[in-house]
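First up is the structure itself, then whatever we jot down about it.
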Amino acid sequence: MALTASRGSGVTSPTDGDHSASNRHAGWAWLAGVVAGLAGLASTQVIAWLLTPLGDPVSAVSEFLLGLFPSGLINFGKDTLRFADKPVLLIIVALLALAITGLSGRLEYGRRWAGAIGPAVLCVLAVVAIATRQDAGFDAFPPAIIGTVGVCYPLLRLLIGRLRYWAEPSVFLRAPRPRAQVREARRNFMITSVAIGAASIVVGTATRAAAGGKSMALKARSLVTLPKPATPAPPVPAGADLKLDGLTPYVTGNGVFYRIDTAFQVPIVDPDTWSLTITGLVEHEVTISWKELLALPLTEHYVTLTCVSNEVGGGLAGNARWLGYPVRELLKRAVPRADADMVLSASVDGFTAGTPLDALTDPHREAIIAVGMNGQPLPAEHGFPARMVVPGLYGYVSATKWIHSLKVTTYAGDQGYWTPLGWSARGPIKLASRIDTPTGQVKPGKVPVAGVAWAQHTGISRVEVRVDDKPWQTAKLAETTGPDTWRQWVWIWDAEPGHHTLTVRATDADGRVQTSQQAPPAPNGATGWDSKDVTVG
Ligand SMILES: Nc1nc2c(c(=O)[nH]1)N[C@H]1C(S)=C(S)[C@@H](COP(=O)(O)O)O[C@H]1N2
Ligand SMILES: [Mo]
């Protein structure tokens, strides 16, 4: 307050590069920088805890540096420090960050804005480190950016302002101040510094402790070694992937797989304390632990997952190799009662899905409790440690991530999460096809028109393409591992100059032709033909 008041009253203010800065107080400027650094670090911990542990800049930078170290040094560190290697690196990184903010305090004291360099460098370093993390999404960046630019530097300016007011009375007043005023200014700086520093240490360590469970669970994921499947997936035929520019690959990578859920924060579940229970209308309640689940003979199976919210031509579908244990085998142990017709699967985050009991007990439908996705433990975003995957049903009625229980029940007595919100209780996936390429502008001549088509659990028997209102042309179908996945298709178009509309429709293995009738996603899936406008010339 006093600071703005004296500035406002027109008293000379310090010019940039004012060298009257008292060196006696330079040490306090370092301290101010360290305190602001502590606040910045604490805020990164809180924000990362709220958003995603992948956003913790200290861990990200440590990991990043570890990647740059020669392996000899890493092994030396591991051998000498044993289990303490990670914490020691984290502490070194945090101390280095504080040293940089301390230096920034000193720079800022010497020259206004000069102290911005430290937080800016830390921000860039953290963002680069986070961006190199495999699974990091956009929610991983706010902690680093807010912590450095939004918290650290503004507090550093605040503290340096108070320090100046204490240290350089002549800057703010014409005459030297009475001792009492100097003492008050000093007290002001001290109290603010101690308060911010203490609060940061308390909040930072408390959050770190609370988040400890999360990072432990993430670490647990990194320690999981999936067993080899007792029944491996059939190899992907060479002809399943046409490998055309712009065409969706047959298998979707974990990093680019679409993600849909209601979770604000990705639930992170520790597999060591995880279990799956089967309750409800059963003869025996069954509980199975992570260890028990992994010890069972697992099967691996390619399944294309699809979201009911997918618009015609949309991208909310992905194909992965899922490793898991058949739900029907678990249900066999529980013995569902005759009056049951639905299984309500529940997630640790409260989400539920209602799946027809017969889809889960059907020996010909590979409904599994999945633990692996494309050869890796499920990514946290896709349900680690376990989720359900049921071929042929939209995700909202079958694909519960972070699953913890199956309640055998009835459609009359229970509802999945989305049903009271206006979506159908049952959600079989509708026959669909999509044009991936070409889009926009192409040159006249031979142009491959290609995309994917799906009718999970039934299979695709034909795809046809139409240019404008010309007759339908039959596309060439790529191979597939089976009816539970999408199928690529291609048709070579002899493109003539002008504006054209390409349209696609599929026929399933039962001979049903995809309807042209347009329907929105709600309440049980969109229908209609996908078409793309293309300019040839
Ligand atoms: N716990 C939980 N599981 C969930 C959901 C959810 O909101 N919460 N969404 C479902 C929906 S609507 C779909 S389409 C799939 C998407 O799975 P994915 O994010 O792995 O692609 O997960 C299903 N499982
Ligand atoms: Mo969905």
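The figures here come from the full heavy-atom set of this structure, side chains too, leaving out hydrogens, waters and symmetry mates. One-based numbering, in listed order, for ligands and for the atoms of each. By convention here, the first residue in the shown sequence is residue 1.
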Open item on the list: Strictly under 4.0 angstrom, heavy-atom based: which residues surround ligand 1?
Closed with: Phe257, Tyr258, Arg259, Ile260, Asp261, Thr262, Leu305, Cys307, Ser347, Asp349, Phe351, His382, Arg387, Gly395, Tyr396, Ala399, Thr400, Lys401, Trp402
Task: Residues which pass ring-ring contact (aromatic ring centres under 6.0 Å, His included) with Tyr417, listed by chain and number, not counting sequence neighbours - done: Phe351
Open item on the list: For a quick check under 3.5 Å, do Tyr250 and Thr480 share a side-chain donor-acceptor pair by atom type?
Closed with: yes
Task: Residue list, side chain to side chain donor-acceptor pair (under 3.5 Å) with Thr355, at least two apart or on another chain - done: none
Open item on the list: With a sphere of 6.0 Å drawn around CG of Asp469, does it hold more than 12 non-hydrogen atoms of other residues, nucleotides or ligands?
Closed with: no
Task: Between Arg512 and Thr458: side-chain donor-acceptor atoms closer than 3.5 Å - done: no
Open item on the list: Can you pull out every salt bridge (charged side-chain N to carboxylate O under 4.0 Å, His left out) where at least one residue sits in residues 412-429? Sequence neighbours excluded, please.
Closed with: Lys407-Asp414
